[in-house]
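One structure below.
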Amino acid sequence: MGAGVPAGQFSAAPTAAMGGMHTFRCWLESTARLHGRVSQGLSLVAFFSARRPCATVSVCLALSLLSGLGLLRLRLEVKATNLWVDQDSDAMLNRKWIEANFASGGMPTVFLIEAKNRGHNVLTVDAVSEAFELFEEVRSIKTEDGLAYEDLCYRTPSGVCNTHGVLSFFENNATLFQSQSLTDSQLLTVLSSPTYPLDGAPVVRSSVFGAFQVSGSELVSAPVWRMGFVLSQHLGKDTTLQWEKTVIDEYVSSSYEHVEQKWDHIHVELFSAARSVDDELARVVGGDLSFVSLGFVFLVTTAAFALGHPLRCVQGRRVLGISSFFVVVFGTLGGYGLASAVGIPFTSLQLILPFILVGIGVDNAFVIVGAFDRTAKSKSIEERIRDAMMLEGMSVTMTSATDVLAFLCGATSSYPAVVYFCLCAASSLMYTYVLQLTAFCSLLALDAHRQQSSRMDVVCCVRTNRTPGALLEDGDEPFAVRVMEMYARAITRNWLVKLAVVSGILALGGACLWQALENMDTAFDISDLSPDSSYVRDYFAVEEKYWGADTSALNIPVHVVFRDVDESDAVVQREMRRTEDEALQLRAIDSAVAPHSWHRSFTEWALANEGTRADLATDQFQSVEGHRFLAGPGFYTALSSWLDDDDLSLGQRFRNDVVFEDGEVRHSRIVVIQVTMSESRMQVEALTEAEAFYRGKQAVLPGTIAHAHPWVFYDQYRNILSETFWATLMCFIAVSVVSLFVLSHPLVVLIVSGVITLVYIDLLGCLPLIGQPLNSISMINLVMAVGLVVDYSMHVAHSFMAQHPQLSRDERVVLAMKSIGVSVSKGLLSTLVGVLPLSLGSSKIFRVFFNMLVLILAVGGTHGLLLMPVLLSAVGPSATAVPGRAEAAAGEPPRQAEATG
């Protein structure tokens, strides 16, 4: 004290440490009591269910069917923009605003006219002649209401149906084409014109011709070109969709090859911009019903042989295995019914969910049956089921809770398809969990009574002559336990093995982290959701071959919209012209293609006719920064005349670009063309640049926006990484909170969290290796992975914490693996077998889920059954305070005979 140290300072640190230790012990004791009470509650539910099995199963079945009535409100959703994009993003809001305020320019149904001898020149007189024959065939097709293309087409100012492509160079008139008697070289001269003769619109060659060759400004050849039938919607969207369906049914059918044989010089592919993708997504739902049925048969067969001895007549649990499958099925039925009742739509992803739910549900069945087999066989069946739930009920509850929480965290996504999938999964898992506590325990009791009375499995009315006791003790389970014991001792017996395991898995994690940082890509191909044998995929394949991208990235029109400004003001017009010029300077915009600009064309016409009309009087023109514009009262009068006068056909093609209200322009737009960009990185940069561009215009032109239809998907590429990060972070937080209350000891929670983190890193690193980009599909799997892989680690950690604290870490790990390792291994393998049918799906989306689920099971199982025991053996807590049995909760240490079975 001589140095002036205040009295009591030396005891401050020990006092703080003692206070912290006291708090820690209070926490352990509190969670132990909570654990015991919850386990007792679960055991009582199971006990009463086992005492009245038939009544319990009947009530559960009735409630499931009652909940399933919600499927009467089932609503199928297949529209891509309603599922796979953020509905509240600026891109989506801008799209909805434009669709609501501007008349549609028509939706094209496009035929790709390819040379019959693929890759050769299709710009020949013979090929164009056959294209005219195809054109006349399509024009003659009528809907059930008797409507043909002429009744529905989007017409040019001269009244001609607006059909894009080579035929437009001849005013879509076969007689005119034939009357010219062109040679192939003369045809190329006509097709080299920079404008169309019908309306003077500029020809965007890169949009019409694929892989074309030029000599100077003259076309030389092209292996493919587009012929687009553009439909108006003046009779309603449903009517135009009906016509498109009639055309698709005519040309995309089993007789399509026969239809195509009539053409000697052309091969055709068809695509409807309005309905093709959505129709094919719907076909996945309908076409894969047989695949789902076959998958369920496969799953039932697997479950029948998984729970008991597969070859023995009495100890086999084939009926119970099948029943465990139907418990999950009825849980899924109830969950789907509840989801439909509250308005959650059904999508193609929900076809995948039952396979995942069955895998998770059967995992819990293995744990419950395994715990039942470890209970004292001298007790009654009801008491054994009660004790089984005391042993592992909390573990089943914990893993079910983490699965549900993982999906609920995934439901916070901005993408509706992900939200619908996760909510259906969460509701189905909760329903299944309740059925497993009640109906499955009842079925387990019935099966145990059957075995006790020496009745055969399946044919339960037939008895055998073997004694019940021999039947109960005979089987392969002790051998499986002994194998698991040998495995556990092998990985924990010395530090060199532990060090090798930890070092190897950490090295794998480091390699996967590097792979993820270097090669992770973001992309979403909507055609992946369509069936493999799809005309849409064939169409996109031709576009990819000759244009280097498909419709979603090729010659995209970008709308620059001016809203709620006085466009008769010369200063405003100068800013509009400046905005147009600056838009052409954006890296994502093709400056070689002239903009579709009503304002530029109108101004040029007005200046050319200055002083010839009252509304074009010279005093109505104003100069701003060297540019002259028509302004003042004459502006709106002259503009209306220019747009509407039949003699001024140049202005009529801009009618849909100007919105009048009370005689004044309320909104208007110009259109520029985006360069072809097939890489998601470039598309994200284009969207970011465009948003910065139009937001920078708010000071001078408030309300200005820019939009292109694919930008809603570009927004997904830009945000998917942060979406996945936050959803995963919430999953980790939820899992950690649950673990803290169930496992209690912070060190064990830290070990579990570390293992899950390593699993997640490995999964991210493996995505580039299996060719899977990061998108909303992989996001679902990554969120789901947190819930799945935590099961394997949690079961092992929970069993470790339930062993007697006076034993060494190594012995507690061995006992934990003997208690739960076999059940976890069976659950892992059954889940793998359960998802195998996904590899047979008719769409790539099913195979993506299969690949990722196999990856999740492989990585999660390895970490849960190898790394987790090694870490617990090496650095696990030296004493536990979380009992796993009722007697332990009351202060009595668990008996090793019951712990090991």
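Along the sequence shown, residues are numbered consecutively beginning with 1. Side-chain atoms are counted along with the backbone in the values below, which use heavy atoms only and exclude waters and symmetry mates.
Of the possible polar contacts, none joining the Ser193 side chain to the Thr189 backbone as a donor-acceptor pair under 3.5 Å is found. Between the Ser778 side chain and the Pro773 main chain, a donor and an acceptor come within less than 3.5 Å of each other. A donor-acceptor pair is defined here as one N or O able to donate and one able to accept, closer than 3.5 Å; no such pair exists between the side chain of Ser89 and the backbone of Val85. Put simply, the side chain of Glu689 never gets that close to the backbone of Ala686: no donor and acceptor are under 3.5 Å apart. In this structure a side-chain-to-backbone donor-acceptor pair under 3.5 Å is missing from Gln772 to Val848. Not a single donor-acceptor pair under 3.5 Å links the side chain of Tyr546 to the backbone N or O of Phe209. In this structure, Arg205 contributes its side chain and Ser192 its backbone to a donor-acceptor pair below 3.5 Å. Formation of a donor-acceptor pair under 3.5 Å by the Asn851 side chain with backbone atoms of Arg847 is found in this model. Put simply, the side chain of Glu544 never gets that close to the backbone of Tyr539: no donor and acceptor are under 3.5 Å apart. Side-chain N or O atoms of Asp184 include none that pairs as donor or acceptor with a backbone N or O of Thr124 at under 3.5 Å.
Closest heavy-atom contact between Ala222 and Gly210: CB-O, 3.9 Å. The minimum heavy-atom distance linking Glu244 with Pro108 is given by the pair OE2-O, 4.4 Å. Of all heavy-atom pairs spanning Ser776 and Trp84, the tightest one is OG-CE3, 3.1 Å. Here the closest non-hydrogen pair linking His559 and Ile98 is CB-CD1, 4.3 Å. The two residues Leu187 and Val125 have their closest heavy-atom pair at CD2-N, 3.7 Å. Of all heavy-atom pairs spanning Asn121 and Ala115, the tightest one is O-CB, 4.0 Å.
Residues Glu679 and Tyr717 fail the side-chain proximity criterion, which asks for heavy atoms closer than 4.5 Å. Phe562 has its side chain out of reach of His667: every pair of non-hydrogen atoms, C-beta onward, lies at least 4.5 Å apart. At least one side-chain heavy atom of His707 sits less than 4.5 Å from a side-chain heavy atom of Val712. Inter-residue side-chain proximity for Val122 and Pro223 is flagged as unmet; no heavy-atom pair is nearer than 4.5 Å. Put simply, the side chain of Asp590 does not reach to within 4.5 Å of the side chain of Val672, judged on heavy atoms. In this structure, the side chains of Asn519 and Leu767 stay at 4.5 Å or more apart for every pair of heavy atoms. Looking only at side-chain heavy atoms (C-beta outward), Ile673 and Ile589 stay at 4.5 Å or farther from each other. Looking at heavy atoms from C-beta onward, Asp715 lies in side-chain contact with Leu687 at the 4.5 angstrom threshold.
A distance of 4.0 Å separates NZ in Lys79 from OG1 in Thr81, rounded to the nearest 0.5 Å. Taking OG1 from Thr239 and CG from Leu152, the interatomic distance works out to 7.0 Å, rounded to the nearest 0.5 Å. Remark: Trp642 CH2 to Leu639 CG distance equals 7.0 Å, nearest 0.5 Å. Note that OH of Tyr196 and CG of Leu167 are 10.0 Å apart. Values are rounded to the nearest 0.5 Å. Atoms OG and CZ, from Ser597 and Phe602 in turn, are 11.5 Å apart once rounded to the nearest 0.5 Å. Here the straight-line distance linking atom CD1 of Ile670 with atom OG1 of Thr579 works out to 7.5 Å at 0.5 Å rounding.
Salt-bridge formation is detected for the pair Glu99/Arg95: a Lys NZ or Arg NE/NH1/NH2 atom is positioned less than 4.0 Å from an Asp or Glu carboxylate oxygen. Taking the charged nitrogens against the carboxylate oxygens, Glu582 and Arg577 have no contact shorter than 4.0 Å, which rules out a salt bridge. Between Glu691 and Arg718 there is a salt bridge, with a side-chain nitrogen of the basic residue lying less than 4.0 Å from a carboxylate oxygen of the acidic one. A salt bridge links Arg139 with Glu136: the distance from a Lys NZ or Arg NE/NH1/NH2 to an Asp or Glu carboxylate oxygen falls below 4.0 Å. Salt-bridge annotation for Glu543 and Lys545: absent, with no side-chain N of the basic residue lying under 4.0 Å from a carboxylate O of the acidic one. Using a 4.0 Å cut-off between a side-chain N of Lys or Arg and a carboxylate O of Asp or Glu, Asp126 and Lys116 do not qualify as a salt bridge.
Using modelled atom types and a 3.5 Å distance limit, the side chains of Tyr694 and Asp90 yield no donor-acceptor pair. Gln683 and Ser680 share no donor-acceptor pair across their side chains, judged by distance under 3.5 Å alone.
With respect to Tyr415, the side-chain contact (heavy atoms from CB on, under 4.5 Å) criterion is satisfied by exactly one of Ile720, Ile780, Leu83: Ile720.
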Report task. Using the side chain to side chain contact (heavy atoms under 4.5 Å, CB included) rule, take Leu270 and Val110 through it: C-alpha gap first, then chi angles, then the decisive distance, then the call. Result -> CA-CA 6 Å; Leu270 170 62; Val110 182; over 6 Å; no
Requested in this report: Take Arg226 and Leu112, measure what side chain to side chain contact (heavy atoms under 4.5 Å, CB included) needs, and give me the verdict at the end.
Outcome: CA-CA 5 Å; Arg226 286 189 175 89; Leu112 293 183; 3.5 Å; yes
Requested in this report: Please lay out, stage by stage, how Leu349 and Phe849 fare under the test side chain to side chain contact (heavy atoms under 4.5 Å, CB included).
Outcome: CA-CA 10 Å; Leu349 291 183; Phe849 266 86; 3.7 Å; yes
Requested in this report: In sequence, state the C-alpha distance, the side-chain angles, and the governing distance for Val138 and Ser140, and then conclude on side chain to side chain contact (heavy atoms under 4.5 Å, CB included).
Outcome: CA-CA 5 Å; Val138 174; Ser140 67; over 6 Å; no
**Report entry** side-chain hydrogen bond (donor to acceptor under 3.5 Å, both in side chains) between Gln350 and Thr347, intermediate numbers included
**Finding:** CA-CA 6 Å; Gln350 268 84 308; Thr347 72; 2.8 Å; yes
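The aromatic rings of His596 and Phe654 lie tilted to each other, with the angle between the two planes from 30° to 60°. Between Phe170 and Phe177, the two ring planes are perpendicular [angle over 60°; tilted spans 30° to 60°]. Using cut-offs of 30° and 60° on the angle between ring planes, the pair Phe111 and Tyr251 is perpendicular.
Residue-environment remark: NZ (Lys96) exceeds the threshold of 12 foreign heavy atoms within 6.0 Å. Within a 6.0 Å radius of CD in Glu144, no more than 12 heavy atoms belonging to other residues, nucleotides or ligands are found.
The side-chain tip of Arg669 does not point at the ring of Trp598 from less than 6.0 angstrom away and within 45° of straight on. In this structure, Arg563 forms a cation-pi arrangement with Trp97, its terminal cationic atom sitting closer than 6.0 Å to the ring centre and no more than 45° off the ring axis.
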